[in-house]
Amino acid sequence: MDSPEAEASTHSERREDTAPSTSNTSGQGPDGPTKPKKASLKRTNGKPTDAKAKKHKKARVSRPAQPGYTVHQGEDMLLVISSSTSQYDGPAWTLPKKGSKKKKLTKGKVKAKQIKKKRKTVRAMPKPANMPVPKEKDGSDLFMPQKATDHRWGQSLPEEVLISIFQMVVVQDGAVPFLCRAGRVCRLWNAAASSPVLWRKVTVGHCWIAPAKSQLPKTEKKIKDTFNWLAQNRFSQLRDFSLCHWSKNVTTYAVEVVAQFCPHLRSLKLSYCTGLTAAAFHTLALHGRSLQSMNLQYSEFQVEGLLEYLENHGSQIKQMLFTHGLKNDRLLTAITRGNCPDLELLEVNTKLDSKDCELPVCIQALQMACPKLKTFRMLNVRPLHKTMRNGADSTLGFPLLEELCIATTSFSYMTDKDLLDILFGSTRLRVLDLRGCSRITPSGLTTLPCLGLECLFWGQYFSSSVALPSPKKGLHTVTQKWSRTLQQLDIANQLFSGEDLETAMSHLAHATEADTLRSLNLSGTRITPPALRPVIGQMSALSYLNISSCRYLPRGLKRIYRGQEDIRQLLDKLE
């Protein structure tokens, strides 16, 4: 027989050999989770014992059966349920590691707490025997591979359709920089963006620095090379060209290049540009045979070069726009001398904060020099009547004039006689803008020969330092004359009486067969609800109504109304 010491050692070796086989990585046995037991080293005093019986005596109360699945936290805070008795081989899906560096957990309790947080056991529900086991999902199912037959829509789109789409964008946002960026997408877009049809109207602005700021030599050379490339490769059918906020060297070079390579150029506009030299006007005279419009407002240029151009090639100019100034006023003198006999549009403006806004104008000389004039605008400029030296007067006036604008924010010297001297022959006049002309009376308006006036802007917008004129009478004569043709009427801040306003509005309301009035500005007037109600109820085309600052209207109604629905709600409140 063996000694008791040998039996004890043999018994302990068997316990150590069987420990790994009866426990798994999750600490679960066939009956539940058990703790590995250490081998006993006590002496048995030569009495052999049964290991199974001893284990049965020391066993604790058995725990309930654990579920056959575990819950893991996956990507995007999703809970993934994986079966521990899955028929598929391989470990359960685990959360991929994020980042290369991760802190290591050390020692017992901390590690055990982290494991408990990641894996939480859930009490299992009884499952039918024939219930299929759900498959595991991994990250490969979240992304579907692109088929080899898929193509982008731009590769098969006809070029004509793409050009039509680009045309809509160009009309809204301009050719530059949209076409320059679209041409870098692909070959198809480059071919479509290179179509000369899209480059007929181009505006090149310079908005990322201060206006007309000089450039560094390298930057200036790049800008000039860009203008040169565009003119030779894109501007073959250019019609309208505009420059905004450019310095003297770039402005002159751009105008020269465009005039040289664009034979179809009809309109040139410079806005807040500086340094346009006489050489640019000389280049326009040599190559710009189709040029008809010049807009030089708020820009600096050599007046002598422009005067020389108008003297030699002014017969082809039909539109001239410039800003009032000591030197620029010489342009108006050159026009009245007959350098632009086919002129159709003449506009002279100035800044709103300008102090010296008086401009001497000889209306009779202008009528004789520009008999084809259709639009005459003097914005924020007070014209001073100037007579001709020889005493000759024009007998035709402006027979083709359709728009006259003499608007100012301060005050004007225009009288009824001055207005009649301008419009005595203008039977086609459609737009008359007399905002700020406080000396014009209703009797002076009724003597005008035009019978189809569509827009009358007669509001008074004065600064605080200018006193308002005395009350006027006779507004009903004005609305009676043009009640069938008026589309827009502005009499803001006009001091007409309530009775006069009521009669005037009744003339507009009775012209129901015409129903042409679309905009009505009565701001600051003495309009009353009885006078306003008929015109709102009868005019179905009215879409704009301004009754702000009207002291004779109820509170809560003094505002601007837009749209038929909004105006109809006002009518219900007035009733």
Side-chain angles (χ1 to χ4, degrees), residues 352-353 379-380 382 405-416 419 431-446 453-483 486-509 517-537 539 542-563 566-567 569-571 573-574:
L352 295 177
D353 56 351
L379 305 178
N380 209 36
R382 294 193 297 270
C405 178
I406 307 178
T408 178
T409 57
S410 55
F411 63 95
S412 176
Y413 302 126
M414 180 71 61
T415 61
D416 292 340
L419 183 62
V431 180
L432 181 59
D433 191 349
L434 300 175
R435 285 174 291 182
C437 298
S438 58
R439 300 184 180 184
I440 301 296
T441 62
S443 59
L445 293 176
T446 54
L453 191 67
E454 298 177 359
C455 302
L456 175 60
F457 303 99
W458 196 19
Q460 305 299 316
Y461 303 95
F462 296 100
S463 61
S464 58
S465 60
V466 180
L468 293 175
S470 59
K472 300 178 181 179
K473 297 181 180 180
L475 179 63
H476 63 280
T477 60
V478 176
T479 57
Q480 184 179 10
K481 181 177 182 178
W482 293 308
S483 61
L486 272 179
Q487 298 181 8
Q488 300 183 39
L489 178 61
D490 178 10
I491 54 173
N493 301 315
Q494 288 283 8
L495 300 180
F496 293 103
S497 63
E499 294 78 6
D500 198 0
L501 285 171
E502 186 174 355
T503 307
M505 294 298 107
S506 64
H507 286 301
L508 294 177
L517 190 64
R518 299 175 307 182
S519 175
L520 181 60
N521 189 352
L522 301 174
S523 176
T525 61
R526 300 176 181 179
I527 192 72
T528 59
L532 185 61
R533 193 180 299 113
V535 68
I536 296 178
M539 292 296 174
L542 190 64
S543 59
Y544 177 84
L545 178 63
N546 188 351
I547 54 174
S548 58
S549 303
C550 295
R551 57 187 302 182
Y552 291 95
L553 292 179
R555 293 183 178 180
L557 304 181
K558 307 173 186 179
R559 62 181 182 89
I560 299 177
Y561 296 84
R562 292 181 173 89
D566 198 11
I567 295 176
Q569 294 178 0
L570 171 64
L571 181 60
K573 295 178 181 179
L574 291 176

By ring pair (Phe, Tyr, Trp, His ring centres under 6.0 Å), which residues pair with Tyr544, not counting sequence neighbours?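 By the ring pair (Phe, Tyr, Trp, His ring centres under 6.0 Å) rule, Tyr544 matches no residue at all.
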
Side-chain donor or acceptor of [X] paired with backbone N/O of [Y] under 3.5 Å:
X      : Y      : result
Asn493 : Gln460 : yes
Gln488 : Leu486 : no
Asp433 : Ala407 : no
Asp416 : Ser443 : no
Asn546 : Ile560 : no

Find out whether Ile567 and Met539 are in side-chain contact, i.e. whether some heavy atom of one side chain is under 4.5 Å from a heavy atom of the other.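 The answer is no; the side chains never approach within 4.5 Å.
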
Report yes if some heavy atom in the side chain of Leu445 is under 4.5 Å from a heavy atom in the side chain of Leu419; otherwise report no.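 Side-chain contact under 4.5 Å: yes.
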
How many angstroms lie between [atom1] in [X] and [atom2] in [Y], if you round to the nearest 0.5 Å?
X      : Y      : atom1 : atom2 : answer
Ile536 : Leu542 : CD1   : CG    : 7.5 Å
Tyr552 : Leu532 : OH    : CG    : 15.5 Å
His507 : His476 : NE2   : NE2   : 6.0 Å
Arg526 : Glu499 : CZ    : CD    : 9.5 Å
Gln487 : Leu520 : CD    : CG    : 13.5 Å

Does the pair Lys573 and Leu557 meet the rule for a side-chain contact (heavy atoms from CB on, under 4.5 Å), with working shown? CA-CA 9 Å; Lys573 295 178 181 179; Leu557 304 181; 3.6 Å; yes

With Ser549 via side-chain contact (heavy atoms from CB on, under 4.5 Å) - residues at least two apart: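 Result, side-chain contact (heavy atoms from CB on, under 4.5 Å) vs Ser549: Ser523.
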
What residues form a side-chain hydrogen bond (donor to acceptor under 3.5 Å, both in side chains) with Glu502, not counting sequence neighbours?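 With neighbours one apart ignored, the set is empty.
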
Can you name the nearest heavy-atom pair linking [X] to [Y], along with the distance?
X      : Y      : answer
Pro529 : Pro554 : CG-CD, 4.0 Å
Ser483 : Gln480 : OG-O, 3.6 Å
Ile547 : Tyr561 : CD1-CE1, 3.5 Å

Looking at Asp490, Leu432, Val431, which one forms a side-chain contact (heavy atoms from CB on, under 4.5 Å) with Cys455?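 The single option meeting the side-chain contact (heavy atoms from CB on, under 4.5 Å) with Cys455 is Val431.
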
Checking side-chain contact (heavy atoms from CB on, under 4.5 Å) against Ile491, which of Asn521, Leu456, Leu501 comes through?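 Only one of Asn521, Leu456, Leu501 forms a side-chain contact (heavy atoms from CB on, under 4.5 Å) with Ile491, namely Leu501.
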
